[in-house]
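Here is how names work: the chains are called A, B, and so on, in the same order as the sequence lines, proteins then strands, and each is numbered from 1.
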Protein chains: 2
Amino acid sequence: MDLRQVEIFYYVAQHRSFSKAAAALSLTQPTVSGHIKALEAALNLVLFDRLGRDVRLTHAGEILYGHAKRLVDTKQAALQGIEELRDGLRGELVLGGSSIPGQYVLPRILGQFQPQYPGISIALHITDTMETLDRVVRGDLELGIVGAQVAHAHVAHTPFVEDELVLAVSASHPWADLASVSMDALTTVPFIQRERGSGSRLVVEHALADAGLPPAHLRVMAEMGTTEAIKQGIKAGLGVSIMSSLALEDECKAGSICTVAIERLSIRRHFSVIRHTGRALSPLAQTFETFLQTLTPLSLTLQDTPSHAPTA
Amino acid sequence: MDLRQVEIFYYVAQHRSFSKAAAALSLTQPTVSGHIKALEAALNLVLFDRLGRDVRLTHAGEILYGHAKRLVDTKQAALQGIEELRDGLRGELVLGGSSIPGQYVLPRILGQFQPQYPGISIALHITDTMETLDRVVRGDLELGIVGAQVAHAHVAHTPFVEDELVLAVSASHPWADLASVSMDALTTVPFIQRERGSGSRLVVEHALADAGLPPAHLRVMAEMGTTEAIKQGIKAGLGVSIMSSLALEDECKAGSICTVAIERLSIRRHFSVIRHTGRALSPLAQTFETFLQTLTPLSLTLQDTPSHAPTA
DNA sequence: GTCGCTTACGTCTAACGTAACGATG
DNA sequence: CATCGTTACGTTAGACGTAAGCGAC
């Protein structure tokens with residue numbers, strides 16, 4: 001049974017006329033005749049009584065009519081669903097982000113993106129860089145945004161907005177009012193670092209090592225799983241840390257944490273958008289990726305990114 | 001969007017493999033490839049991620065999969081519905097019958113027919129011959145069984161079981177014990193006849209007229225709308241009547257009404273199955289018509305048709 | 001090298017249109 | 001005779017198969 005035939009049957013049944021159905025379908029009347037004939041032959045049923053100029057459904061035709069209506073409706077619903085999907089108007093955008101991008105960057109971006117597509121839903125999985133990468137590889141996430149360049153076959157990295165990692169100290173710390181401290185000074189104070197697997201930690205260790213300060217020289221007094229925990233540790237006077245300036249916005253404003261420059265050291269990184277090269281992106285994900293590319297770093301910093309120097 | 005493509009897509013999605021889907025569909029693998037390619041082009045969407053030897057649905061593919069499943073299921077349901085319909089296993093058999101066939105013949109036949117098709121329902125409309133004919137013409141009834149040959153363009157008559165119209169008198173009537181009476185005697189007793197439009201009345205009038213007894217010569221003392229009313233009239237001693245032997249079964253057995261032969265007159269008729277020549281019969285009606293044809297008059301008379309001579 | 005999807009190409013069915021025919025009112 | 005469905009036939013698109021190509025493990 002061919003859907004085309006069923007569709008034509010549906011039109012004929014509705015119009016009670018072969019010729020009117022043909023007109024409605026932009027076909028010629030013999031074509032409609034042929035399809036109905038073929039359908040009747042395929043089903044081995046007579047579907048219409050041809051009564052002079054009147055065409056009526058037979059009992060069998062009425063049964064088929066109900067099924068035909070359901071088929072045509074289902075097809076229509078499918079086409080509409082696909083249409084909306086293709087336009088990125090519907091669907092679920094499944095994203096992943098490591099902690100800093102996931103907590104401080106993506107929420108702002110999604111806040112701009114979602115209002116443009118009221119029909120969509122967004123799932124944002126915030127884990128760490130490694131886990132995000134794994135999920136992209138498995139296909140659980142369409143796109144990930146991570147804070148470190150982690151290579152993997154089948155995974156493409158696209159550089160994204162820039163981030164600066166800064167030295168953060170408690171407002172009551174002796175360094176709080178200094179313009180800058182030397183790199184060597186870092187080894188003299190208790191240091192709090194992120195857990196292994198964190199992109200931030202990777203970047204910090206690389207940057208310090210490149211500048212001639214092996215990570216082992218730091219007086220690491222604590223290793224914490226989240227940036228939030230580290231901030232609490234800093235405020236409690238446990239130690240200092242180097243973290244994304246993005247995470248310090250509120251604390252700088254509030255004056256509870258101050259950032260201090262490190263002499264001759266600027267730790268900058270790009271966040272990366274990662275995706276599986278072997279998998280196709282959903283239209284919605286494509287739309288989002290395009291949206292990301294139109295975002296200049298400016299449009300992010302424009303909204304309340306803390307200035308480098310603490311306000312307090 | 002072609003249903004064939006969707007169906008093939010559905011198989012590929014289920015098997016997570018083009019080649020396995022091809023095998024399941026008895027197609028070659030390139031054919032399946034081609035269909036998926038065409039579908040992806042038609043929808044302007046990538047439906048599968050081809051990951052080496054693994055094939056996975058994209059997000060768009062998953063959306064389509066839901067629709068595809070509904071489409072395939074709907075098609076399947078339609079085919080099954082049609083199948084059952086064609087086999088006459090389901091549906092409604094809409095019949096009409098004039099009073100005698102409708103009340104005394106069809107119930108017996110339907111009692112044999114329906115148990116063979118548990119899924120069907122039967123609507124039996126009992127009116128008179130003319131009304132039954134009209135309804136067949138209008139298409140409200142697929143088949144009618146009437147007691148007289150009434151010609152109409154587009155209506156075909158098929159002779160059915162034979163019926164005998166007999167003289168019925170009350171058990172207390174002077175004629176009750178006679179073997180027969182003369183035709184002329186009929187004009188000497190009060191006569192009860194059926195209403196206009198009745199096939200029985202038509203047949204009786206024709207038969208008497210043919211035998212030389214104009215209907216006007218009867219001493220008609222009552223005209224009643226139903227056979228049942230006439231039987232009550234006979235039992236009450238209002239008069240005699242000529243009616244179908246089929247309607248007298250119980251009364252003869254009970255001894256309340258006796259049948260008497262009329263000399264040199266036997267009034268026989270065939271019931272006719274009528275149908276519209278311009279309309280197709282539903283498979284169920286076809287099945288029923290075939291069933292009717294296999295019924296010999298014997299199989300009807302076999303079950304308790306009253307003997308011509310009264311038992312009492 | 002093997003497995004599995006894609007591409008290329010040839011065949012053949014069938015979808016469609018045009019034109020002629022036929023029946024109904 | 002006008003309208004509407006059917007039949008006949010020619011054209012073209014596409015469904016399918018075979019064979020070769022190609023990337024991944």
B:S17 side chain, from C-beta outward: closest of C:dC5, D:dG5, C:dT6 | C:dC5

DNA chain C: A:L51 or B:P30, which has the more 5' nearest nucleotide?
-> B:P30

Taking D:dC25, D:dC4, D:dT7 as options, the one with an atom nearest any side-chain atom of A:S19 is D:dC4

To the nearest Å, give me how far apart CZ (B:F18) and P (C:dT7) are.
-> 10 Å

B:I8 or A:R50, whichever maps to the more 5' nucleotide of DNA chain D = A:R50

Give the angle between the helix axes at the two ends of the helix from C:dG1-D:dC25 to C:dG25-D:dC1, taking five base pairs at each end and rounding to 10°.
-> 30°

Picking from C:dC5, C:dA15, D:dG17, the nucleotide nearest the side-chain atoms of B:Q29 would be C:dC5

So what does B:T31 hit on the nucleic acid, given a heavy-atom distance under 4.0 Å: a base, only sugar-phosphate, or nothing?
-> base

Ion pair check, A:R279 and A:E142, cut-off under 4.0 Å | no

Minimum-distance nucleotide (side-chain atoms of B:H35 versus C:dA19, D:dA15, C:dT7) = D:dA15

Between B:R4 and D:dC16, does any side-chain N or O lie under 4.0 Å from OP1 or OP2?
-> yes

Candidates C:dG4, C:dT6, D:dG5 - which lies nearest the side chain of A:S33 = D:dG5

Report which part of the nucleic acid A:L27 touches: base, sugar-phosphate, or nothing (heavy-atom distance under 4.0 Å, all strands).
-> sugar-phosphate

Out of C:dT6, C:dC5, C:dA19, minimum distance to the side chain of B:V55 belongs to C:dC5

Mind checking A:R53 for me? I need base, sugar-phosphate or nothing, with any heavy atom below 4.0 Å counting as a touch.
-> base

Pairs involving residues 28-40 of chain A, ordered by first then second residue, that meet side chain to side chain donor-acceptor pair (under 3.5 Å) (sequence neighbours left out) = A:T28-A:T31, A:Q29-A:S33, A:E40-A:R50

Between C:dA15 (P) and A:L25 (CG): distance, integer Å | 14 Å

Residues in ring-ring contact (aromatic ring centres under 6.0 Å, His included) contact with A:Y11, at least two apart in sequence or another chain = none

Side-chain N or O of A:K37 closer than 4.0 Å to phosphate OP1/OP2 of D:dT7 = yes

Between atom CD1 in A:I36 and atom P in C:dA15, what is the gap in whole Å?
-> 12 Å

Short N-O contact, B:D163 and B:R269, less than 4.0 angstrom | yes

What are the two closest non-hydrogen atoms of B:A77 and A:H67, and how far apart are they?
-> O-CE1, 3.7 Å

Does the distance from a Lys or Arg side-chain N to an Asp or Glu carboxylate O, for B:D54 and B:R56, drop under 4.0 Å?
-> yes

Enter the distance from B:L281:CG to A:H59:NE2 here, rounded to the nearest 0.5 Å.
-> 9.0 Å

Rounded to the nearest angstrom, tell me the gap between atom CG in B:L47 and atom P in C:dT6.
-> 12 Å

Closest to the B:T28 side chain: D:dG17, C:dT7, D:dG5?
-> D:dG17

